[in-house]
Amino acid sequence: MKLVVVLSALLLLSLVAVSSAEEFDFFYLVQQWPGSFCDTKKGCCFPDTGKPATDFGIHGLWPNYAKCKTRGELDGALEMVTKRKKKCWPENCNSERLKLWEIKDLVTELDANWPTLACKGGKSIEFWTHEWEKHGTCSNLDQHGYFATALGFKARHNLTGILADAGIVPSDSETYFLSSIRDAIKQGTGFTANLECNRGVAGETQLFQVYQCIDRAGENLIDCPLPMQGNCKDRVQLPAF
Ligand SMILES: *[C@@H]1O[C@H](CO)[C@@H](O)[C@H](O)[C@H]1NC(C)=O
């Protein structure tokens with residue numbers, strides 16, 4: 001009799017766990033240009049693995065809503081804890097810690113493609129941990145799946161190569177039309193992406209991050225469903241790194 005009670009309690013718990021699958025609409029795969037990260041007042045530091053390649057590096061894989069939600073539209077206790085009026089993405093969905101042994105086989109690839117540039121001790125694992133806790137816990141992917149998915153999409157489309165093929169190469173003097181960057185990415189990947197810029201030390205506008213959009217299953221690129229006010233101008237730089 002007791003066993004039956006315990007078993008039904010377990011069944012109930014697992015149903016609750018299943019129904020807590022995160023609802024979101026698509027992923028952003030965000031890649032950052034290291035030359036633009038470093039050419040800021042704040043600057044950058046290289047990770048303990050050395051200077052990263054002259055290539056976009058992954059910032060994160062972020063579940064996102066297609067339409068920002070107000071508190072009334074959100075369900076789930078975790079969501080209600082937040083004080084923000086509008087939420088455009090879920091974050092910190094559970095307290096699962098990143099376990100290095102879960103992603104052991106990916107570490108070499110992660111060091112090369114997802115390096116930290118923050119001046120915080122040079123350990124990229126701290127960057128990955130932050131991304132996992134804030135975004136990965138909402139992704140409906142397990143730890144290995146989360147990091148492998150981001151690496152897989154980055155490997156599929158070499159953004160640095162796609163831009164180079166369109167004549168857009170790193171330079172501290174050249175400026176490029178934002179529209180030609182947009183067109184090159186559309187042509188090279190088949191899908192529209194969103195672009196974000198930042199300001200260099202001298203105030204120049206630089207391409208900082210590329211946001212590619214992926215369906216909520218984490219399987220296919222899609223056209224980005226939302227426009228982005230990304231602080232860009234008609235002409236931008238892609239600073240050397
Ligand atoms: C991506 O393209 C750049 C520029 O063409 C090239 O130097 C780099 O080796 C490529 N990266 C990979 C991983 O193929």
Side-chain angles (χ1 to χ4, degrees), residues 27-39 44-62 103-118 122-125 127-128 131 136 141 144-198 200 204-214 218-224 230 232 235-241:
F27 285 103
Y28 277 127
L29 173 66
V30 186
Q31 298 189 55
Q32 57 192 11
W33 180 251
S36 303
F37 188 111
C38 292
D39 182 17
C44 70
C45 297
F46 298 154
D48 50 13
T49 46
K51 183 182 178 184
T54 307
D55 185 18
F56 284 87
I58 299 172
H59 182 169
L61 181 64
W62 301 346
I103 56 167
K104 239 184 9 234
D105 61 317
L106 300 175
V107 166
T108 307
E109 235 187 306
L110 286 168
D111 276 329
N113 293 285
W114 201 327
T116 182
L117 289 168
K123 299 249 181 285
S124 293
I125 178 84
F127 185 19
W128 311 333
E131 292 298 312
L141 297 166
H144 194 274
Y146 178 74
F147 289 96
T149 298
L151 288 169
F153 275 99
K154 178 178 191 288
R156 233 183 275 180
H157 300 285
N158 179 347
L159 290 182
T160 309
I162 285 171
L163 293 182
D165 287 347
I168 299 157
V169 292
S171 161
D172 286 334
S173 50
E174 206 63 53
T175 61
Y176 301 104
F177 283 109
L178 189 69
S179 56
S180 56
I181 294 175
R182 210 182 282 292
D183 291 350
I185 293 173
K186 166 93 187 176
Q187 176 132 34
T189 67
F191 297 92
T192 55
N194 289 335
L195 306 176
E196 182 187 2
C197 295
N198 68 1
E204 68 280 29
T205 302
Q206 328 179 111
L207 177 65
F208 174 42
Q209 302 200 107
V210 175
Y211 292 62
Q212 289 176 283
C213 294
I214 298 170
E219 285 168 2
N220 298 295
L221 277 184
I222 57 173
D223 286 323
C224 284
C232 293
R235 298 192 74 124
V236 304
Q237 296 203 348
L238 187 68
F241 179 68

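Ligands are counted one by one from 1 in listed order, and the atoms in each one are counted from 1 as well. Because the structure is a prediction, the values reported are computed rather than measured.
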(message) Go through it in stages, so that I can follow the logic: the residues are F27 and Q212, the test is side chain to side chain contact (heavy atoms under 4.5 Å, CB included), and I'd like the CA-CA distance, side-chain angles, deciding distance and then a yes or no.
(response) CA-CA 8 Å; F27 285 103; Q212 289 176 283; over 6 Å; no

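Annotation for K186: atom NZ counts as buried by contact number, over 12 foreign heavy atoms lying within 6.0 Å.
Between the choices N113, I162, N158, the shortest heavy-atom distance to atom 10 (C) of ligand 1 belongs to N158.
When only non-hydrogen protein atoms are considered, atom 4 (C) of ligand 1 lies nearest to G161 CA, 3.8 Å.
Classified by interplanar angle (parallel below 30°, tilted 30° to 60°, perpendicular above 60°), the ring pair Y28/Y211 is perpendicular. In this structure, Y146 and W114 have tilted ring planes: the angle between them lies in the 30° to 60° band.
Counting protein heavy atoms under 4.0 angstrom from atom 13 (C) of ligand 1 gives zero.
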